[in-house]
Every structure is written in C-alpha cells, then in structure tokens.
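Letters A, B, ... are given to chains in the order of the sequence lines, protein chains preceding strands, and every chain is numbered from 1. What you are looking at is a predicted structure, and each value in this text was computed from that prediction instead of being measured.
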Amino acid sequence: MFELGILSNSIHLPANFEKTDLDMNLYPNLLTPPMDSPTSSMMSPDSDCRSPTHLFTPYQVPHIYSYNPDVVTIRDLPEPCLRMREPPVDKFRFRYKSEMSGTHGSLNGKTSDRSRKQTFPSVELLNYDKEAVIRCSLYQYGREDMAHTRQLHAHRLVKKQGTDEIDDPHNVHVNSDVGFVANFHSMGIIHTARKYIVPELIRKMTILKQEEIARSEHKFRPLTKKEELEMKTIAEKESKCINLNVVCLRFDAYRVVNNIYYPICQPVSSPAINNLKSALTGDLRIVRMDHCTSPCRGGREIFILVEKVTKKNIKVRFFELDDEDNEVWEDYGRFSDLDVHHQYAIVFKTPPYKHADIDKEVRVFIELQRPSDGARSEPKDFSYIPSEMSIGRKRTRLSSDDYTTSFFSADELPITLNTISPSVDHETMTNANNATINSADLEAALKHNNIDSSEFDKICNSLIGPGPMRDIFTAENVSIRELKSLGLVMDTPNSKIRTPLHSGKTEKLSVTEEENPIDRVKSELISFMKTSPSNNRVSLMLEALISGDKYTTSNGNNVLHFLAAEIGTEDEFVTQLLSFVKNFGKKELLNVKNINGQSPLHLAVEFGNELYLKGLIEAQADIAVQDKQGNTPLHVAIVDRVPEGILLTVLDAYHRSNTNIDIYNYDGKTPLHLAVRGKNLNATKLFINCGANVNAAEKKNGYTPLHLAILNRNIDILKYLLDSTKAECDCEDFAQYNPLLLAQELLDSCDKQTFQIFSILESHLKKIGIPSEMLLHNRVHSESDENDDEEDCSNNNNSADDEANIDIIDKYGAVTDFTDACKISLSDILDKSDAWKRLGESLDFGHILHTDAFAAVQHPTKSLLTFAVANGRSVKEIRDCLATLNEKQAVEIIDKMVMKC
DNA sequence: TTCCTTTTCCC
DNA sequence: CGGGAAAAGGA
C-alpha cells in the first residue's frame with residue numbers, strides 16, 4: 001500500500017519539483033512509518049531515511065517531498081498538505097530587542113480588524129488524521145521561488161508567554177479535536193541587530209541541523225567541528241545578502257516520533273511581511289505638495305512632503321490614464337540625491353507633458369515609486385496646464401477658426417453667416433429704459449442688408465490691417481457731439497477706471513486713457529451701424545472690435561474687459577453691444593482672456609459690476625472659464641468677498657447652465673474650499689445648497705471642508721457641516737488624518753476653542769453611532785489580547801485553538817461575577833502563595849490591603865474577589881491582572897468558569 | 001568632520 | 001501602541 005505515493009492531487013507541488021537530485025526509488029520507503037509508530041495507512045516519516053546527498057543547507061527540506069510522477073502509481077487517498085487559512089499582515093513593525101519591554105501588539109492576521117475581530121496567522125493540515133505538529137518559523141522572503149528552498153531569516157519570531165519570550169520555531173500540536181488547525185498568536189518580530197546576525201543564523205541553523213541528524217541517525221548528538229564550520233560559512237555568506245526588512249512565515253507539518261521530527265508534507269510560506277518602520281519597505285505616501293499643477297512644458301519646481309524614503313531609492317512618477325484606465329503617458333520628476341531632504345521631503349522639477357501645446361487642463365497623476373521593490377504610493381491628482389505661451393493672449397482660439405484675424409477679403413468671407421436671421425433679443429434691447437429710440441435706430445440699421453461691399457472692406461481693413469484706410473473710421477472722425485446726439489455717449493466720458501472694490505490685483509485695467517478702447521469701439525460701432533451692414537458683417541465687425549489687436553491693450557484687455565469697470569452706468573451701449581454679440585457674434589468673443597487669463601466675467605465679478613455681470617451671463621458668456629490660476633468667476637467671487645448679490649448671480653448662472661460648481665483651480669481648491677477657508681459661512685451654505693460636493697478634497701493635501709473648518713477653528717462652519725450636510729467624518733487627508741484626529745492634534749490646553757471643536761466632533765460621532773475610538777489612532781483597542789496561558793512548544797496536545805480562545809474573550813462580556821466554586825478554586829491556588837496580595841495591588845486596592853482587612857479572613861482571595869467585583873472590577877479585568885502576574889493556573893480556572901456560563 | 005543609517009530610548 | 005527623535009555607528 002505504501003508504494004502508492006503520489007496521486008492526483010499532486011498539484012500541491014511545484015511543477016519542477018521532481019528535479020531534486022535524489023533517488024526516486026526511495027520515495028515509497030520514505031513514507032513507511034517508523035517502527036514504533038502505530039501502523040497506519042497514512043504516511044509517516046521513515047526512520048530509515050537516508051542522509052541527503054546534497055551538502056547541508058539548513059533551509060533545504062528533506063527530500064521526501066520529491067517524487068516522480070512517472071514512477072508512482074495512483075492512489076485514492078489525497079496527500080496531506082498545509083493550507084494557509086489566514087496569512088499574516090503584510091506590514092509590521094519589527095522591533096529591536098531593546099524595544100521589546102512592555103507589550104507591543106502581536107503579529108495579526110491579514111484580515112484582523114482593530115475594532116471587530118482580531119485574527120492571527122493560521123494554517124490547516126489537510127488530508128491527515130493523526131496527531132501532528134505544525135511549526136511556524138521566520139524565513140527570508142523572495143530569495144527562492146519555492147517554499148521548501150527558502151532560507152532562514154536572522155530575525156527572531158518571538159512568542160510572548162507570560163514574561164518570557166520564546167524564540168522560533170514555534171510548534172503547535174494539532175489533531176482532529178482542533179480540526180488540524182494551528183493558530184499562531186502573540187508573536188512579534190525582533191529585529192536582530194547587524195552585529196548579531198551571524199550568531200543568530202548559526203543558532204537557528206544548529207537547531208535544524210540537529211533535527212536533521214536525529215532524523216537520519218536516530219539519535220541526538222552535538223554537531224561535529226566540521227559541521228559547525230560549514231554552518232558558519234553559510235551563515236556568513238547569508239548575512240551579506242539577507243534583506244532585513246522583509247520576512248515571511250514558513251509553516252511545516254511534522255509527525256513527531258520519539259522527539260524526532262519527520263516532515264509530513266511540503267511547507268507553505270506566507271506572503272511577505274514588511275518592516276513598517278523601515279524606509280525600504282514602509283508605506284510610500286505623498287503627504288502634501290505645494291503645487292498640484294505644472295505648465296505642460298514642465299520644469300516647475302515642486303516641494304512634496306513624504307513618508308520616510310531613502311534618497312537613492314525613490315522616484316516621483318507622473319502618469320496619465322485614458323478613459324479605460326490604460327496608461328497612456330508616464331514620466332518622472334527631475335531631482336538628485338541632494339533634493340531629498342532628510343528622508344521626508346523631495347524637491348523636484350516636473351517633467352514636460354507629452355504635448356507642449358495643450359490648450360486646456362490635462363489631468364494626470366503623481367505618485368512615489370520605489371525602484372528596489374517596485375512599491376508605489378497612492379497616486380494623487382495632478383494637472384498640466386497650458387504653458388504661458390498658449391495662455392496669455394488667448395487669441396489663438398478665435399483665430400483658429402478659418403477666418404478672422406488678418407487681411408481677409410470679402411470674397412473669403414463665409415456666406416453662411418448671411419443666412420442667420422437677426423433674431424435680435426427684444427427683451428434685452430428694450431429692457432434698458434428710454435433706450436427705445438436708439439435701439440430702434442440700431443435695429444433699423446441692422447435690418448438693412450445692403451451695405452456696399454467695397455465700403456465694408458474698407459471698414460474691415462481699417463480695423464484690422466495697417467494701412468491708409470484705417471483712419472477712415474477711427475474715433476477722431478466721429479465727433480463726440482455726434483455720438484451724444486445719438487445718445488450713445490455717457491455723460492461720464494471721463495471713464496476713468498475705478499479701483500476695484502477689492503484687493504488690488506486688478507492692476508490689469510490701469511491703463512492710460514488713450515488705451516481704453518471703450519470710446520473708440522463705441523464710435524466705430526455706431527459709424528458702422530449707420531452703414532446698415534449685413535449680419536455677417538456685423539459679426540466680423542464685432543470680432544474685430546472685441547478681439548482685434550487694435551482695440552486690445554498690451555495686457556490683453558478688450559472693450560468687454562474695460563466695461564467691467566464701468567460700474568453702475570446704465571449704458572445703452574453696453575446692452576446693445578452684448579446683444580449684438582449674442583445675436584451676431586461668436587460666443588467666444590465674450591470669453592476672450594486677458595494676459596492673466598481673465599475673461600470679462602472674471603472682471604465683472606471682481607469689480608462687483610452686477611449689471612454688467614448679468615448682461616454677460618445673459619449673453620451666455622462661459623461661466624466656467626478659468627483664469628491663469630484656474631479660478632472661475634465663482635472662485636473670484638469668494639476670494640474677493642464680493643457682495644452677496646454678485647455671488648448669487650454667479651451661482652444662479654451655474655445653476656441655470658447646469659454647470660458643476662466644484663471646479664478645481666490650479667491651487668487644487670474648489671470654490672467651496674475657498675469659502676470655508678475664508679470662514680464664510682454664508683457662502684459655504686450657498687455652495688452646498690447649490691450642489692457643491694461637501695467631501696471634495698483639496699488636491700495639495702487632501703483637506704475636505706470639514707478638515708478646513710477644524711484647522712480654521714471655525715465652529716460655525718463646523719457645526720453647519722456636521723449638522724446640515726453629508727460631510728463624512730471618517731475622510732482622511734493625505735497625511736491620513738481624519739477630522740477627529742485633526743481636532744485631537746489641535747487640542748491645546750490654553751485654547752478653549754480647541755476643546756469645543758473636539759467635543760462637537762465627538763458628540764456628533766456619538767449621535768451618528770460611530771465610536772470615536774474608531775477614528776483615533778491610539779484607540780483603546782479591545783482587550784482581546786489574550787491568554788498568556790497554556791501551551792508550549794513541545795509535546796502535549798496543547799492544541800491552542802485560538803478561535804476557541806477568542807470565543808472565550810467574547811464570552812467575558814456576559815460574565816459579571818465569579819461563581820462561588822470558582823472563587824474557592826482560586827483561593828486554593830492564590831491564598832497560600834500570597835499571590836492574592838499582588839492581585840490586590842494590581843487592582844489598585846493597595847490601600848485596603850494595608851489594613852489587613854483580607855489577611856484575617858479564611859479565604860483572602862475569595863474576599864478580595866468579592867470586594868473587587870463589588871467595586872466595579874470586571875471578571876475580565878481580574879483575569880488579565882492574573883495573566884500579567886503570570887498566574888496561569890488561575891487564569892485557566894477563570895476561563896473554564898466563563899466557558900461554562 | 002560631516003552626513004547618513006541603524007539602534008536605542010521615550011512618551 | 002505608534003510616532004518621534006536622540007544616540008551610536010559607519011563611511
């Protein structure tokens with residue numbers, strides 16, 4: 001029966017498994033049970049196992065795993081194998097020995113959850129029905145493809161047991177009672193200091209070597225000098241290439257006979273466990289950046305703060321995804337070693353985008369990349385914006401249309417425009433009071449379609465091209481008087497540019513009087529209209545008047561920009577001009593940007609010119625235009641704190657044109673961010689009511705409005721956000737601070753506000769049913785840290801099934817008192833050893849102990865327990881104290897009592 | 001010496 | 001615990 005070794009489920013073995021250099025004929029023998037073992041149909045290690053033929057290497061698994069599918073026959077029973085039920089977490093802080101005092105949390109399972117359920121690495125032995133031992137030990141990760149050729153790691157996998165630490169390997173007995181499952185809990189990883197690496201490796205290798213000797217020689221003996229030397233050489237070689245920041249767990253299953261360990265099956269290895277504290281394996285993260293945009297030609301200097309990196313092992317990667325998430329472009333930030341500051345900041349220059357001539361924002365991503373292991377940070381939003389060249393005087397967009405700018409002739413004009421009916425907006429035109437005569441005049445003019453084309457050419461040329469003809473219709477040729485008679489010249493001819501209402505950034509309009517194109521445009525237009533031009537000519541004329549060089553200042557301001565500064569004048573001209581543009585011109589004429597990227601709308605908002613603003617909106621100017629900083633009129637409105645009327649007007653325009661108000665400017669902020677930052681509660685409410693995303697995060701740092709309100713210590717807005725919006729309380733900024741953490745960080749004993757903020761958040765969380773501990777890093781994590789009791793490595797079916805243990809811990813919640821029987825049992829143990837005194841101390845009853853109140857009674861422990869429970873100490877608390885005092889037996893008794901409840 | 005990285009220490 | 005940082009080591 002034994003000669004049938006391998007079977008259909010050989011898939012557990014690596015494909016190239018049979019390559020091992022051993023005699024396949026041995027294989028059946030290897031599975032023969034040792035003499036003294038109970039005869040069994042199951043495989044057992046063979047006591048006759050021969051020494052491997054290869055040189056000793058401690059990590060090599062005995063060759064019994066080898067098989068040759070050609071030699072073996074098929075058998076019905078599946079082969080034993082190990083299955084990982086729960087891998088360990090992939091990040092863990094390796095602690096130096098000197099750091100191991102106190103409790104420092106154990107190596108949890110990957111699915112372990114702080115608040116819910118703690119899990120541990122665990123494996124299951126399948127297809128095996130006898131008592132077995134499952135071993136967990138620390139191996140190097142990634143050195144070899146196959147688990148069975150992994151090499152030992154020099155770090156120590158220690159298991160807390162009471163006060164002492166047990167080094168790996170850790171053996172757990174399994175049998176059918178525990179479902180052949182082994183849980184490995186309370187383990188930690190000790191970072192072996194460099195100088196101890198070789199001795200540590202030798203220590204571990206010696207253990208394995210001795211086991212191997214016992215296996216092959218059926219006896220235990222110390223190593224020979226030669227063997228020791230051999231190991232030392234290997235250890236020294238290993239120590240040179242060992243990666244100290246990555247380990248993995250390896251699990252082996254053994255059948256133990258006479259204390260000799262015979263492998264049952266192939267070992268399994270966990271995925272990598274990375275050292276959380278190391279810059280080589282720690283999390284990569286961009287915590288903050290000082291810019292989130294770059295001109296598309298690249299070269300912008302950007303400072304980013306990052307989690308620990310090493311200068312020689314870090315890159316800043318930019319990439320772009322298309323709609324299907326395919327990467328369509330990548331490049332790297334430019335920097336040298338010197339630009340990495342103390343492992344926590346990088347100063348670099350952006351790479352150029354693939355196109356140097358983009359005309360609108362391109363969204364890409366930025367992330368950190370670690371060449372050594374290919375790890376990446378979470379990518380952050382980043383944008384390329386048109387470079388100065390293409391922004392600035394945004395004439396390009398217009399001139400890209402087939403005609404316009406220079407030197408067109410009449411024949412080249414598209415005829416199609418002629419067909420546009422002059423659907424003059426009567427409402428607009430007649431709305432303006434007492435405008436009737438003039439507008440009628442113009443209207444009449446418009447109706448005429450019979451302008452002499454040669455005359456038109458002259459006009460056009462005069463406006464656009466240089467040459468003798470240009471003077472014909474210039475302002476000087478039309479007397480002011482004449483204009484006045486037409487009612488088209490304001491009585492405030494001294495149209496001095498007013499200072500903007502707000503911060504002085506509107507220098508753009510401060511130009512000399514002669515440069516101001518308003519009057520000139522006005523007279524041109526009037527003269528032109530007198531000629532009763534055709535629709536298409538009106539259109540071209542408008543284009544010339546608005547975007548033509550002649551009427552544009554060196555700062556790129558045109559007449560529409562200048563009109564923004566004409567506040568409060570109910571000027572017929574303005575109304576007419578806008579109406580003309582709306583009806584005969586191209587919409588883009590309203591959106592021409594000046595050198596700062598501002599459209600007339602920006603300026604209208606900035607100057608607080610509500611009337612004009614409404615006019616522009618009515619004429620369908622683009623409400624979402626962005627200036628050079630990416631600010632929309634809404635951004636401008638909020639930054640400049642314009643009067644509410646203006647703000648409402650702009651918002652209304654967004655609303656009516658169904659435009660998303662969450663536009664990010666090039667500083668990575670939406671208007672809402674600016675409102676909250678400006679402590680502008682009113683605007684904050686308005687924006688949110690208009691559909692702004694309350695949870696939008698700023699692009700430089702990930703702050704949401706909630707973060708901002710807290711950072712600003714702005715209680716009004718904070719309350720509003722919490723009470724009246726869907727602001728999420730668990731959102732994290734780039735540095736992984738959620739609002740509550742931020743508030744905690746802000747706590748300042750000298751500042752009552754900070755306490756108020758914290759408690760507002762806390763009570764809000766309580767209200768919505770989120771335990772605030774969940775959001776705090778140093779959360780009091782559930783006392784489920786259990787049983788230092790029971791089970792040690794060797795014999796005995798210690799069968800520490802942790803799931804059972806965890807169940808116990810759950811049960812503790814329901815048990816409020818000790819049973820009398822339990823108290824008596826505990827007294828039996830603790831009374832005479834005086835351990836009850838220590839327990840009393842631990843429970844903070846020292847003062848009572850000194851009164852000898854307990855010492856006098858027959859069962860001091862029993863009294864103490866009664867007293868403790870009466871004074872609010874929970875059974876669990878007491879149990880844990882005993883565990884700390886290393887009273888294993890007592891703990892066990894309590895556990896048993898709880899189990900029975 | 002200086003500049004980093006590793007190890008220890010502390011809250 | 002997890003974070004921060006000083007002290008010690010190394011080149």
Side-chain angles (χ1 to χ4, degrees), chain A residues 88-109 112-116 118-120 153-156 158-160 165 185-200 239-247 273-285 287-288 305-314 335-347 370 372-373 732-738 740-742 744-749 771-786 788 880 883-884:
Chain A
V89 289
D90 51 7
K91 304 265 160 100
F92 188 72
R93 174 161 166 179
F94 301 0
R95 285 187 179 268
Y96 286 92
K97 194 160 165 34
S98 60
E99 289 185 291
M100 288 305 285
S101 57
T103 167
H104 270 305
S106 62
L107 183 62
N108 287 334
S112 197
D113 186 319
R114 263 270 163 63
S115 39
R116 316 237 94 253
Q118 191 182 24
T119 66
F120 301 99
H153 203 286
H155 290 342
R156 296 162 57 198
V158 296
K159 185 160 177 166
K160 270 268 166 59
E165 297 159 345
H185 54 80
S186 319
M187 298 192 305
I189 296 171
I190 294 187
H191 190 121
T192 302
R194 269 195 205 282
K195 53 184 172 184
Y196 296 124
I197 285 181
V198 172
E200 188 61 31
S239 71
K240 295 214 175 67
C241 52
I242 195 165
N243 182 345
L244 293 176
N245 288 302
V246 190
V247 300
I273 304 171
N274 294 290
N275 185 1
L276 201 55
K277 198 109 196 262
S278 153
L280 292 170
T281 52
D283 268 347
L284 291 176
R285 179 179 303 284
V287 168
R288 189 182 283 204
L305 303 190
V306 298
E307 291 297 351
K308 200 169 195 173
V309 296
T310 41
K311 59 178 60 179
K312 295 194 188 308
N313 190 20
I314 192 71
F335 63 99
S336 73
D337 287 6
L338 293 172
D339 299 318
V340 178
H341 178 77
H342 291 322
Q343 319 202 25
Y344 292 102
I346 305 173
V347 180
R370 183 167 50 214
S372 66
D373 63 351
E732 291 184 338
D733 65 14
F734 288 179
Q736 293 187 298
Y737 278 95
N738 58 50
L740 188 64
L741 263 177
L742 210 56
Q744 191 189 39
E745 204 68 17
L746 221 59
L747 281 180
D748 173 0
S749 50
S772 41
E773 297 80 45
M774 234 174 75
L775 295 181
L776 296 175
H777 268 171
N778 48 356
R779 38 200 141 184
V780 217
H781 102 297
S782 53
E783 296 299 298
S784 56
D785 257 333
E786 75 290 10
D788 310 2
D880 289 346
T884 311

Asker: Atom CG in A:Leu742, atom CD in A:Gln736: separation rounded to 0.5 Å?
Answerer: 13.5 Å

Asker: If we call it a pair only when both distances are under 3.5 Å in a Watson-Crick or G-U wobble match, what pairs with B:dT1?
Answerer: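 Across any shown strand, B:dT1 pairs with none.
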
Asker: With hydrogens left out and only the distance checked, is there a donor-acceptor pair under 3.5 Å joining A:Arg194's side chain and the base of C:dG10?
Answerer: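 No.
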
Asker: When the distance from NE2 of A:His341 to P of B:dT5 is rounded to whole Å, what number comes out?
Answerer: 13 Å

Asker: A:Tyr196 has an atom OH; how far is it from atom P of C:dG9, in whole Å?
Answerer: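 Nearest whole value for this atom pair: 11 Å.
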
Asker: Could you state the atom-to-atom distance from CZ of A:Arg95 to P of C:dG3 in whole Å?
Answerer: 10 Å

Asker: Hey, is the main chain of A:Ile242 close enough, under 3.5 Å, to the side chain of A:His153 for a donor-acceptor pair?
Answerer: no

Asker: Could a donor-acceptor pair under 3.5 angstrom be found where the side chain of A:Lys277 meets the base of C:dG4?
Answerer: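 It does, because a donor-acceptor pair links the side chain of A:Lys277 to the base of C:dG4 below 3.5 Å.
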
Asker: Take the protein atom CG of A:Leu107 and the nucleotide atom P of C:dC1, then report the distance between them rounded to whole Å.
Answerer: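 Taking atom P of C:dC1 as the reference, CG of A:Leu107 is at 12 Å.
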
Asker: Between B:dT7, B:dT5, C:dG3, which nucleotide gets closest to the side-chain atoms of A:Arg93?
Answerer: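 Output: C:dG3.
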
Asker: A:His191 side chain N/O closer than 4.0 Å to the phosphate oxygens (OP1, OP2) of B:dT6?
Answerer: no

Asker: Starting at atom CD1 of A:Ile314, determine the distance to atom P of B:dT5, rounded to an integer number of angstrom.
Answerer: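 About 13 Å, once rounded to whole Å.
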
Asker: Can you name the nearest heavy-atom pair linking A:Glu307 to A:Val287, along with the distance?
Answerer: OE2-CG2, 3.9 Å

Asker: Do any N or O atoms from the side chain of A:Asn274 and from the backbone of A:Lys91 form a donor-acceptor pair under 3.5 angstrom?
Answerer: no

Asker: Rounded off to whole Å, could you give me the CE-to-P distance for the A:Met100 and B:dT7 pair?
Answerer: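 Rounding to the nearest Å, CE of A:Met100 and P of B:dT7 are 16 Å apart.
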
Asker: So, is A:Gln343 close to the B:dT5 phosphate, meaning a side-chain N or O under 4.0 Å from OP1 or OP2?
Answerer: yes

Asker: Distance check needed: C:dA5 C1' versus A:Lys308 NZ, whole Å only.
Answerer: 10 Å

Asker: Hey, which of these two, A:Lys195 or A:Leu276, hits DNA chain C nearer its 5' end, going by closest nucleotide?
Answerer: A:Leu276

Asker: Any donor-acceptor pair under 3.5 Å between the side chain of A:Glu99 and the base of B:dC9?
Answerer: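 Present.
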
Asker: Between P on B:dT7 and NE2 on A:His155, what's the gap in Å once rounded to a whole number?
Answerer: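 For the pair A:His155 NE2 and B:dT7 P, the rounded distance is 9 Å.
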
Asker: Between A:His185 and A:Lys159, what is the shortest heavy-atom contact and its length?
Answerer: O-CE, 3.5 Å

